[in-house]
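Below, read A as the first sequence line, B as the second, and so on, with proteins coming before strands; counting in each chain starts at 1. Below, all heavy atoms of this structure are taken into account, side chains as well, without hydrogens, waters or symmetry copies.
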Amino acid sequence: MGESTSAELPDWPRTEAEAVAAQERLREAADLVGPGPGPEQVRTVAGVDVAYADDGGLVAAAVVLDAATLTVLDEAVHVGRTDFPYVPGLLAFRELPSVMAALRGLSRHPRPDVVVCDGYGVAHPRRAGLAVHLGVLTGLPCFGVAKTPFLFEYAQPGHERGAWTPLTIGGEQVGRALRTRAGVKPVFVSVGSRIGLDNACALTLRLARTYRQPETTRRADRLARRGLAEHRGRSAGREGSGEGKVTPLS
DNA sequence: GCGACAG
DNA sequence: ATCTTGTCGC
């Protein structure tokens, strides 16, 4: 009982000090050159998210969409747990082992063209946010779309959909505040690895036509929440069963 | 020095 | 993230 998802990845940090040291090495491993795949090259896009119970239990979800039609092509969930607490700046160490497990459960499209994270990429104190970690771990083009800015400065983008302004930290541009819906709060896009900011924003706009957040994030969020609710119901009479399982789409 | 800070 | 009711509007 109580096996941590952290045990699934070799040398995964268990303390804050180890995690910070790991991030300082990670920033070198990110691929930040080149425009990466543009709208013409991207056929499949994955979204990932995690829903938490109050006891360390969690459900991670991965969903693959057709980038053109936004149809669901594949999905998988991982039921597990984490021992790493939420620490600002260290979110990756709490979420990613479970996210990797969910991605391994994708049976039809295990290697999507791009992965979209719910959070930041290089817009991070050590330039090592969630999307940078996931990009390096998977080797896939990866970027982040966050809902709230922290530690950054930006001007309010224009009112219309598609308007954007630079997201900066200490004068350095680390992303964009991007308006996906007219008159609605912008989202905050930053690259993780193997994709440029222009293409990340273009893809974000393609994925967020009717809602503020990209469809990838919305689908993954829904799937993770549903998985958590179902797991709660199932484990009510059968404590501890179903841990560490991956459920592919049938 | 202390607190705030993606989810 | 999660805890939570109704309510306004397309």
Side-chain angles (χ1 to χ4, degrees), chain A residues 5-6 16 19-20 22-23 26-27 30 47-63 77-102 115-137 142-154 161 167-170 174-178 180-193 197 200 204 208-214 216-232:
Chain A
T5 50
S6 307
E16 291 189 28
V20 169
Q23 286 185 327
L26 184 77
R27 54 196 295 184
V48 294
D49 198 15
V50 182
Y52 297 93
D54 47 27
D55 64 347
L58 59 78
V59 174
V63 178
V77 297
H78 165 83
V79 180
R81 57 183 308 101
T82 181
D83 293 329
F84 208 103
Y86 171 66
V87 179
L90 300 180
L91 180 61
F93 301 96
R94 177 169 171 78
E95 298 222 315
L96 287 195
S98 312
V99 167
M100 291 296 290
V115 181
V116 183
C117 284
D118 186 11
Y120 285 108
V122 297
H124 180 279
R126 288 171 293 278
R127 306 297 182 273
L130 210 47
V132 177
H133 282 263
L134 192 58
V136 169
L137 285 174
C142 187
F143 67 93
V145 179
K147 296 180 289 296
T148 62
F150 76 125
L151 297 181
F152 311 115
E153 303 108 41
Y154 67 98
R161 169 179 153 84
L167 187 67
T168 64
I169 181 166
V174 292
R176 287 178 191 165
L178 176 66
T180 53
R181 292 197 67 188
V184 176
K185 280 194 305 181
V187 295
F188 304 89
V189 180
S190 58
V191 304
S193 191
L197 191 51
T204 299
R209 293 204 156 284
T210 56
Y211 297 94
R212 177 187 177 226
Q213 289 187 244
T216 37
T217 298
R218 299 187 69 249
R219 297 309 272 246
D221 183 84
R222 268 193 4 169
L223 183 57
R225 285 178 196 267
R226 174 161 60 79
L228 189 60
E230 286 173 0
H231 183 252
R232 275 173 171 147

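- Atom CG of Leu178(A) sits about 9.0 Å away from atom CG of Leu197(A), to the nearest 0.5 Å.
- Considering only residues two or more places apart in sequence or on other chains, Glu16(A) meets the side-chain contact (heavy atoms from CB on, under 4.5 Å) condition with Val87(A), Leu90(A).
- Side-chain N or O atoms of His133(A) include one that pairs as donor or acceptor with a backbone N or O of Ala128(A) at under 3.5 Å.
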Starting at the 5' end of DNA chain C, what dot-bracket string do you get if Watson-Crick and G-U pairs under 3.5 Å are bracketed, crossing pairs use [ ], other-strand pairs use | and unpaired bases use dots?
..........

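- Residues satisfying the side-chain contact (heavy atoms from CB on, under 4.5 Å) test with Val145(A), not counting sequence neighbours, are Val116(A), Phe143(A), Val187(A), Val189(A), Thr204(A), Pro214(A).
- In summary, the aromatic rings of Phe152(A) and Tyr154(A) are positioned with their centroids too far apart to meet the 6.0 Å limit.
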For nucleotides 7-10 of chain C, give me every protein contact, N/O to N/O, under 3.5 Å, one pair per line with atom names.
none

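- The salt bridge (Lys or Arg N to Asp or Glu O under 4.0 Å) test applied to Arg161(A) returns no partner, not counting sequence neighbours.
- Residue pairs meeting the side-chain hydrogen bond (donor to acceptor under 3.5 Å, both in side chains) criterion with at least one partner in residues 118-130 of chain A, sequence neighbours excluded, are Gln23(A)-Arg126(A), Asp118(A)-Lys147(A), Arg127(A)-Glu172(A).
- In 5' to 3' order, the nucleotides of DNA chain B bounding all contacts with chain A (an atom under 4.0 Å from a heavy atom) are dC5(B) to dG7(B).
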Listing, residues 47-59 of chain A side-chain donor-acceptor contacts under 3.5 Å, not counting sequence neighbours, or none:
from, atom 1, to, atom 2, distance (Å)
Tyr52(A), OH, Glu95(A), OE2, 2.8
Asp55(A), OD1, Gly57(A), N, 3.0

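- Stacking of Arg218(A) on the aromatic ring of Tyr211(A) is recorded, both the 6.0 Å distance cut-off and the 45° axial limit being met.
- As judged by a 4.0 angstrom heavy-atom cut-off over every strand, Leu96(A) is placed among residues making no nucleic acid contact.
- Val132(A) has its side chain out of reach of Ser193(A): every pair of non-hydrogen atoms, C-beta onward, lies at least 4.5 Å apart.
- Every residue meeting the side-chain contact (heavy atoms from CB on, under 4.5 Å) condition with Ala22(A), not counting sequence neighbours, appears here in chain and number order: Pro13(A), Arg25(A), Phe93(A).
- Partners of Arg226(A) according to the salt bridge (Lys or Arg N to Asp or Glu O under 4.0 Å) rule, which considers only residues two or more places apart in sequence or in another chain, are Glu230(A).
- Contact check for Leu134(A) versus Cys142(A): side-chain heavy atoms found under the 4.5 Å cut-off.
- Atom CG of Asp55(A) is separated from atom P of dA1(C) by 18 Å (rounded to the nearest Å).
- Remark: DNA chain B forms no stem of 3 or more consecutive Watson-Crick or G-U wobble pairs with all pair distances under 3.5 Å.
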Listing time: all N or O pairs from protein to nucleotides 2-6 of chain C that are below 3.5 Å?
from, atom 1, to, atom 2, distance (Å)
dT2(C), OP1, Tyr52(A), N, 3.4
dT2(C), OP2, Arg225(A), NH1, 3.1
dT2(C), OP2, Arg225(A), NH2, 3.4

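- Taking OG1 from Thr82(A) and CZ from Arg94(A), the interatomic distance works out to 6.0 Å, rounded to the nearest 0.5 Å.
- With hydrogens and angles disregarded, no donor-acceptor distance shorter than 3.5 Å links the side chain of Arg212(A) to the backbone of Arg181(A).
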